[in-house]
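Submitted below is the structure of interest, expressed as structure tokens.
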Amino acid sequence: MTPRDASIKTREICGLAPVVPVLVIEDLTTAVPTAEALIAGGLPALEVTLRTPAALDVIKAMATVKGGVVGAGTLLTPADVRAAKAAGAKFGVSPGATDALLQACKDEDLPLLPGAATASEAMALLERGYDMLKFFPAEAAGGAPALKAMGAPIPQISFCPTGGVTLKNAPDYLALTNTLCVGGSWVAPKSMIQSGDWSGIEDIARTAANLSR
Ligand code: 3PG
């Protein structure tokens, strides 16, 4: 898959809802109910981070839930890309981008949302054909004002800002012309997953899904 085709696909996925939940799932038994709650609340695109031993099995399990589009986050190496693809991930997300990672996504046909925090990083990815990027770490890298500033010289790139995004600051990003959606872990708090508060997660998801953009 070419970078251009990858970005067409990730634009489609990021267009599904204003928020992509960033999920850190420790316990496999919580995977399906978490996905069901988020999807029922109106957030179909889910990013499962490869930060827990259960993550690949979580992707496999969540991929069976109707109505969802499950991707893998925290892709750092070609091995992560291969494992994510084998687990059934429909897209990949990385905090950054390396030659090896981009090549692996091409080889594996995994649409990638690569990360960038500066104009040079964004330009380098645009040069390769990516025009849909993750802005990471969004708040630490200057937040919505920084992303807005990036949009003036490079309006052809769209972003999914992630890292420190909350219900409170999400509208600032979603108001920008170069922001398609935001990513965040706030929609599925660890404590609510651990306590099995599925209706609470569905409520948060519904509020997030109703954010205007
Ligand atoms: C990511 O993995 O993209 C971010 O770490 C998620 O950031 P958050 O926990 O601040 O939402």
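Sequence positions, counted from 1, serve as the residue numbers for this chain. Read the numbers this way: they start at 1 and go in the same order the structure lists the ligands and their atoms. Keep in mind it's a predicted model, so treat the numbers as computed, not measured. Side-chain atoms are counted along with the backbone in the values below, which use heavy atoms only and exclude waters and symmetry mates.
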Between CG on residue Leu180 and CZ on residue Phe159, distance to nearest 0.5 Å: 11.5 Å
One pair to check against side-chain contact (heavy atoms from CB on, under 4.5 Å): Leu113 and Lys134. What are the steps and the verdict? CA-CA 6 Å; Leu113 190 64; Lys134 163 170 164 154; 4.1 Å; yes
Between Ile13 and Ala45, which heavy-atom pair has the shortest distance, and what is it? CG2-CB, 3.7 Å
Give the protein residues with at least one non-hydrogen atom closer than 4.0 Å to an atom of ligand 1, ordered by chain and number. Val22, Arg51, Lys134, Phe136, Thr162, Gly163, Gly164, Gly184, Ser185
Heavy-atom neighbours of Glu127 CD exceed 12 at 6.0 Å: no
Output yes when a side-chain donor or acceptor of Arg213 lies under 3.5 Å from a complementary backbone atom of Ala17, and no otherwise. yes
Are Lys85 and Asp109 close enough for a salt bridge, meaning some N to O gap below 4.0 Å? no
